[in-house]
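Whatever order the structure lists ligands and atoms in, that order sets their numbers, starting from 1.
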Amino acid sequence: MMTLRGGQRLAVAGAAAIALLLPGCVAALPLGAAAVIGRNAVSSGDDNGDGQTRAARKQARAQERAQRREAKRQAELREKARKQGITIVSGPLPPPTGTEAPPAAPMSPLPPASGRGPGGATAPPGMQFLYGSGEAAALSAQAYRALSQQVRINVDYRQAGIGAISVALAPGSTLAAPRFAECGTKPLAIVLDIDETVLLNLGYEADEAERGLSYDDARWRRWEATGAAMVDAVPGAVKALTAARKAGVEVIFISNRTAGSALATARALEGAGLGKAVPGETLLLKQDGTDGSKDARRAQVTAKYCVVALVGDQLGDFSDLFSAPGMTPAARRAAASSVQIEPLWGAGWFVLPNPVYGTALKGGVADVFPANRRWTDPAAVPAAPVRAATGTPKE
Ligand SMILES: [Mg+2]
């Protein structure tokens with residue numbers, strides 16, 4: 001606001017006094033007249049008594065007008081930002097750069113954009129989910145909590161003389177007619193896969209994401225040998241395995257890591273808090289020259305133990321029958337959901353999420369989506385007919 005100095009105040013007061021004395025004529029224009037008189041008073045000399053020149057006063061008024069315009073502009077921008085959900089923490093907004101100033105960016109620093117790491121590489125959605133999300137952590141904890149309950153039930157049954165419940169398929173089983181290995185008086189055990197079941201291979205996957213690489217067998221071998229410190233335990237695993245061992249249940253790992261990396265793998269497990277694993281006894285890895293099937297190693301375990309739980313991130317961690325020739329994604333899904341197999345999930349068979357790699361990630365649209373569950377958006381624009389080289393539309 002313009003500030004009136006001594007002489008100006010007197011002029012305004014005088015005009016108001018005249019208005020009071022002559023209400024019939026002057027009272028009709030008191031404020032406007034006062035303003036005019038005031039303005040005249042302001043511009044009546046080069047020096048109003050405090051040393052200000054006319055040019056200086058003109059400049060001051062121009063600054064005041066500019067400040068008012070800027071205050072109005074900032075208020076409008078703040079309101080516009082508020083409507084767009086942008087929080088203005090404090091401080092002035094940037095000066096206008098054109099006819100229409102854009103809403104200001106938030107003044108507080110933003111976290112990195114989703115999927116961007118320190119190096120700027122984008123993490124694939126599967127990695128975002130498995131290694132970075134609370135949802136995956138919750139799923140894993142959920143599975144391991146259920147595993148602990150299964151262990152507890154079997155320990156209680158064994159102590160009560162009821163007998164434990166074996167969940168390892170016996171040789172000759174099929175998915176349609178599963179049979180389970182006998183327990184007898186064998187000691188209890190649980191059998192777990194390692195990668196993305198008890199260990200998260202953070203270092204390897206970060207390298208792959210950062211450099212945009214796909215899986216490479218030689219690089220994986222180097223990872224097995226040197227990456228023991230760059231892993232984390234899957235959420236829930238440490239607590240569940242510690243409780244199982246405390247209850248007298250053996251913990252056995254069957255993994256397709258190579259036997260040559262056994263000591264490094266044992267170090268990785270122990271370093272992650274998952275306890276000791278003894279190569280050849282409680283750590284059964286893939287021998288050179290063999291395929292990745294695990295049934296033979298499971299049979300090796302069931303010869304000595306009553307297996308009360310299997311844990312894995314691939315269906316092959318439960319039975320090689322899921323990987324038999326002809327097992328399409330739809331066939332595997334149907335088998336996993338069948339009346340014979342479905343009751344095992346969460347009740348002896350415990351599966352961990354893995355959207356990053358493995359046997360689950362197969363199939364085109366026709367394999368993944370049932371033909372009777374297709375929908376086309378009514379608003380979708382039909383694809384233009386493809387024209388052959390002759391210009392004749394193809395049917
Ligand atoms: Mg695995």
Side-chain angles (χ1 to χ4, degrees), residues 124 126-127 129-131 133 136-137 139-144 146-147 167-168 190-209 214-217 219-221 223-225 227-228 230-238 240-241 251-259 261-262 264-269 271-275 277 279 282-287 290-298 301 307 309-323 327 329 332 336 344-346 348-362:
M127 290 190 191
F129 180 86
L130 185 57
Y131 305 116
S133 79
L139 277 174
S140 300
Q142 188 170 275
Y144 275 108
L147 169 72
V167 294
I190 58 176
V191 173
L192 307 99
D193 169 53
I194 292 178
D195 296 309
E196 277 55 54
T197 293
V198 295
L199 283 184
L200 294 175
N201 291 290
L202 299 178
Y204 176 86
E205 300 296 348
D207 177 59
E208 200 162 276
S214 54
Y215 177 76
D216 175 77
D217 204 48
R219 183 156 42 86
W220 176 261
R221 297 278 176 269
W223 163 251
E224 285 185 358
M230 296 296 119
V231 296
D232 268 350
V234 168
V238 170
L241 299 199
V251 174
I252 299 173
F253 301 100
I254 295 180
S255 165
N256 281 339
R257 286 186 170 219
T258 55
S261 74
T265 294
R267 273 200 306 276
L269 291 167
L274 295 160
T282 58
L283 181 59
L284 305 179
L285 303 180
K286 181 175 175 290
Q287 299 291 332
T290 63
D291 63 16
S293 62
K294 294 184 173 178
D295 279 353
R297 281 174 279 171
R298 277 188 284 267
V301 173
V307 176
L310 296 171
V311 189
D313 65 311
Q314 313 282 325
L315 292 185
D317 296 324
F318 305 91
S319 171
D320 289 334
L321 294 168
F322 289 108
S323 306
M327 289 294 278
R332 297 174 92 243
L344 289 163
W345 301 119
W349 289 10
F350 302 91
V351 69
L352 278 298
N354 188 351
V356 176
Y357 63 85
T359 50
L361 305 182
K362 289 181 180 174

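- Shown here are the salt bridge (charged side-chain N to carboxylate O under 4.0 Å, His left out) partners of D317, two or more places apart in sequence or in another chain: K294.
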- prompt: When you look at V234 and Y144, which way does the side-chain contact (heavy atoms from CB on, under 4.5 Å) test go after all the steps?
  reply: CA-CA 9 Å; V234 168; Y144 275 108; 4.0 Å; yes
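- Distance check: L130 CG to E196 CD gives 6.0 Å after rounding to the nearest 0.5 Å.
- Side chains of S293 and D295: a donor-acceptor N/O pair is absent below 3.5 angstrom, by distance only.
- Around the Mg ion (ligand 1), protein N, O or S atoms at less than 2.8 Å comprise D193 OD2, D195 O, D313 OD1.
- Using cut-offs of 30° and 60° on the angle between ring planes, the pair W349 and F322 is perpendicular.
- In this structure, the separation between CD1 on I252 and CZ on R298 is 12.5 Å, given to the nearest 0.5 Å.
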